[in-house]
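Both counts, for ligands and for their atoms, begin at 1 and track the order of listing.
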Amino acid sequence: MKFFIDTASLDQIREAHALGVLDGVTTNPSLMAKEGISGEENVLKHYMDICAIVDGDVSAEVISTDLDGMVAEGEKLAALHPNIAVKVPMTRDGVKAIKHFTGKGIKTNCTLVFSAGQALLAAKAGATYVSPFIGRLDDVSTDGVRLIEQIRTIYDNYGMDTQVLAASIRHPMHIIQCAEVGADVATCPLSAILALFDHPLTTIGLEKFLADHRKAQKVR
Ligand code: E4P
């Protein structure tokens, strides 16, 4: 399973990249706003900065909601770097835009997916990635991981090559559960990736190894 980081923070992207386990980045308009990135020029420059750090796909989301606007915006984003995947919302015009981008060889990420039917539509339009938001589903008492499992089954039934990108991940167990049910990618906050490193027995075990080593040095 690939690990993407879900942030527009260059510091966090650098930190995750330095771990050696980062395969890509997803952003969205809220994450860009959180970093104070505004104005077309700054937005485009920020995506270029991200692409310079990570050698993997970087999802850049369109703001337009109509087909013509999404196509114009997406083509501009895609022209920035070969690793850009144009992120498009799951709407009727969004699916038409994905079909258009697919025909032009432009990578896409269909976002705001909350049902298997929506995932099926995105794949039929040729989306590179589909992003089911599992945390937001859990928030409304619906099993987000179960949706990943359902989409995996459907795509496998028909040999659809759209990658299942589990999004809206909140904690390390989400990552593990997504890996168990066969998600292709998990896009995670840095905190969830870092939490995977931690186990008290690792900490205790390392302390004991080092203490024993120190004792042995004194005996000599
Ligand atoms: C996906 O690409 C989205 O950016 C993201 O995962 C949304 O997560 P949230 O529900 O934590 O906002």
Using a 3.5 Å cut-off and no angle test, enumerate the donor-acceptor pairs between side-chain atoms of residues 53-61 and protein atoms at least two apart in sequence or in another chain.
| unit_1 | atom_1 | unit_2 | atom_2 | d |
| --- | --- | --- | --- | --- |
| D57 | OD1 | K107 | NZ | 2.7 |
| D57 | OD2 | Y129 | OH | 2.6 |
| S59 | OG | N109 | ND2 | 3.0 |

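- Using a cutoff of 4.0 Å between basic side-chain nitrogens and carboxylate oxygens, D139 and R136 are not scored as salt-bridged.
- The pair K76-E73 does not count as a salt bridge, with every side-chain nitrogen at least 4.0 angstrom from each carboxylate oxygen.
- The side-chain contact (heavy atoms from CB on, under 4.5 Å) test with Q150 is passed by exactly one of I148, T153, L147: L147.
- Legend: residues meeting ring pair (Phe, Tyr, Trp, His ring centres under 6.0 Å) with H171, ordered by chain and number and at least two apart, are H174.
- Near ligand 1, D6, T26, N28, K87, F133, R136, A167, S168, R170 each place a heavy atom less than 4.0 angstrom from the ligand.
- Qualifying ring pair (Phe, Tyr, Trp, His ring centres under 6.0 Å) partners for Y47, counting only residues two or more places apart in sequence or in other chains: none.
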